[in-house]
Amino acid sequence: MANEVNNGYYKLSWAQRIGFGSGDLAQNLIFQTVACFLMLYLCTVLKINPAFVSGLILGVRLLDCFWSPVVGKYIDNHNPKLGKYRTYLLYGGIPLTVAACFLMLPTVATWSMSMKIVYATVSYTLLSMIYSVVNIPYGSIMASMTRDNDEVLILTSTRMVCANIGQIVVQAGFPIGLAMCVHSAINWNQAIFMAIGTIPAFIILPSLPILKRWFGKKGLYYLLLCVGFVGFAILFTVGKFFNVAECKTVIQIAKIMTGVGLLVGSLMWALVPEVVTEAEYRTGNRPAATVNALAGVAFKAGFSIAGWITPLVMGMIGFNLASEESALPTDPKAWFTVTCIFAIVGFILLTLCFMGSKENITTTPEKPVSFGEMWQEFKANKCLQLVLGVFVVVFLASFISAPVNAYYTELNNYSPTVQNAILWFTTIIPAILLIIVAYLIYKYPLTDEKLDEMNKAIEAKHSGK
């Protein structure tokens, strides 16, 4: 059980930290499947036109831009008996698991193209909407467990280690699982390349408190981004001027370096409680779900732009995913089996998160939060605007290359036009986006000293001092 040092400054046990983190592991088993493999499934297994897939991903994400604030508003204005935020891990987790299993039904591959398109649209839309019902309150739990900045940092690092476990399990496990299901040889080079970028998370995230003391908050971000930029430069150089198949060690090291840079996206979640605190300091309300909903919109905006641009532009420059030789097996039953395994394990982990998390700081406003007030908060909170900007750009950098990574290790098997397309999406565009991220972080104004002043002022007000 958490021990209260000062009012609101709770110290958390490792059981609580890991219990909370298991929720991110659970969600990443589903989210990473969608982010890295849904586009490939629709294009290479169902043979749906990449231009339509591009529009579908964008359309669903645009819908989510309206849906997520609705979910955040509802959660901030209600207080269920099982927990203001924890409740939705169970009530949303069951339909989320079912929707994930139905996303890749094997019989759909035998349907007409028009029926495939209808099914893909309905199943993906439902999954996305239900995912928000789980993801938004889950993110809000972190801001409700403690005000202690050091505890928030530890909680964030624990959460992101768990998230990256989910990422590495999916990115390496999905192609391995497909190969096992169809009884074909496992392409270990491909599986390792897709997942190896998550390795820095297991080294850097547990060391965050030490690294932050050494380099400072912004200095740490700049260091990670520089390493990532160099990694993308190496991947481009090898892919452009050398034979990728003969440079396995070099490209694996470079992929690890890119993972260091993209890790900034994980660290951004540590800034969300800071933004919530700044809002509470100004307004007296603690709009955790509202802020997390807006962060979720920005996060998904980066994902959606990547999902929209990648198949569309690659098709325009001569690489049609539906007609080119696929880098992964295309047996529909194999895709269904692997997806169901991840979804079911994810629900078990969500249950563990529900039992392991404890809400210590929650408020329900006397007057329900309106959409107008949400917009006003966005306009008034400059810190929120910058954090949302970073979310959009850094996750665009992460996901614009995610599906195409399966093709990088086979680069020399494609035509020069296709090779250039792959290099643009796996190296050049992400590197440019990291530069933009560095600028946005430079503009972020909240220091740890300022946050401590805000938290003390808030607690003094609550205690009547």
Side-chain angles (χ1 to χ4, degrees), residues 27-68 96 99-100 102-105 108-109 113-133 135 167 170-171 174 194 265 296-317 319-324 326-328 330 335 339 342-343 391-407 421-422 424-426 429-430 433:
Q27 292 171 85
N28 265 278
L29 292 178
I30 295 175
F31 180 78
Q32 290 294 331
T33 297
V34 172
C36 298
F37 298 103
L38 178 62
M39 185 185 78
L40 295 180
Y41 169 77
L42 296 177
C43 292
T44 65
V45 179
L46 298 189
K47 299 294 183 182
I48 297 176
N49 188 295
F52 174 81
V53 174
S54 169
L56 171 62
I57 293 174
L58 179 63
V60 171
R61 295 297 96 194
L62 288 175
L63 173 63
D64 201 60
C65 289
F66 296 96
W67 173 244
S68 287
L96 178 65
F102 273 80
L103 186 64
M104 298 181 185
L105 281 180
V108 178
M113 184 55 65
S114 59
M115 289 302 297
K116 289 179 182 178
I117 288 174
V118 171
Y119 184 85
T121 302
V122 173
S123 62
Y124 180 38
T125 302
L126 287 176
L127 177 65
S128 177
M129 295 179 73
I130 298 170
Y131 183 83
S132 294
V133 175
N135 181 254
Q167 184 175 341
V170 173
Q171 292 187 3
F174 209 98
M194 292 190 68
V297 169
F299 161 65
K300 293 169 187 174
F303 165 54
S304 64
I305 295 170
W308 168 58
I309 289 178
T310 304
L312 183 64
V313 175
M314 292 192 77
M316 292 172 60
I317 58 181
F319 185 18
N320 190 320
L321 289 164
S323 59
E324 291 281 354
S326 176
L328 297 169
T330 56
W335 285 75
T339 302
F342 288 154
F391 269 118
V392 172
V393 179
V394 75
F395 285 110
L396 172 58
S398 297
F399 294 121
I400 202 165
S401 62
V404 192
N405 280 334
Y407 291 84
I422 295 171
W424 266 95
F425 282 91
T426 56
I429 296 176
L433 293 172

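Keep in mind that what you see is a predicted model, and the values were worked out from it rather than measured.
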Rounded distance [0.5 Å steps], CZ in Phe31 versus CG in Leu127 | 10.5 Å
Rounded to the nearest 0.5 Å, how far does OH of Tyr407 lie from OG of Ser401?
-> 14.5 Å
Test item: Trp335 and Leu46 side chains (from C-beta on) under 4.5 Å apart, heavy atoms = no
Nearest heavy-atom neighbours spanning Met129 and Trp67 = O-NE1, 2.9 Å
Any donor-acceptor N/O pair, Thr33 side chain to Leu29 backbone, under 3.5 Å = yes
Any side-chain heavy-atom pair from Leu96 and Tyr131 closer than 4.5 angstrom?
-> yes
Of all heavy-atom pairs linking Gln171 and Cys36, the shortest is NE2-SG, 3.5 Å
Any Phe425 side-chain heavy atom under 4.5 Å of Ile309 side chain = yes
Gap separating the CG atom of Leu63 from the OG atom of Ser132, nearest 0.5 angstrom | 9.0 Å
Search all heavy atoms of Trp308 against all heavy atoms of Gly55 and return the closest pair with its distance.
-> CD1-N, 4.5 Å
Side-chain contact test, heavy atoms from C-beta onward, threshold under 4.5 Å: evaluate it for Ile48 versus Leu56 and give yes or no.
-> no
Side chains of Leu42 and Ile57: closer than 4.5 Å at any heavy-atom pair?
-> no
Is there a side-chain contact between Val45 and Phe37, using heavy atoms and a 4.5 Å cut-off?
-> no
In sequence, state the C-alpha distance, the side-chain angles, and the governing distance for Leu103 and Ile30, and then conclude on side chain to side chain contact (heavy atoms under 4.5 Å, CB included).
-> CA-CA 11 Å; Leu103 186 64; Ile30 295 175; over 6 Å; no
Ala397 to Ile400 - nearest heavy-atom pair and separation | O-CG2, 3.8 Å
Distance-only, no hydrogens or angles: does the Thr121 side chain make a donor-acceptor pair with backbone N or O of Ile117 under 3.5 Å?
-> yes
If every non-hydrogen atom of Leu396 is compared with every non-hydrogen atom of Ala306, which pair is closest and at what distance?
-> CD1-N, 3.5 Å
Should the heavy atoms of other residues, nucleotides or ligands under 6.0 Å from CZ of Phe102 be counted, would the total exceed 12?
-> no
Residue pair Leu105, Tyr119: steps toward the side chain to side chain contact (heavy atoms under 4.5 Å, CB included) verdict = CA-CA 10 Å; Leu105 281 180; Tyr119 184 85; 3.1 Å; yes
Ile305 and Phe399, any side-chain heavy atoms less than 4.5 Å apart | no
Considering all heavy atoms, the nearest Val404-Ile422 contact = CG1-CG2, 3.8 Å
Do Thr339 and Tyr41 have side chains that get closer than 4.5 Å, going by heavy atoms?
-> no
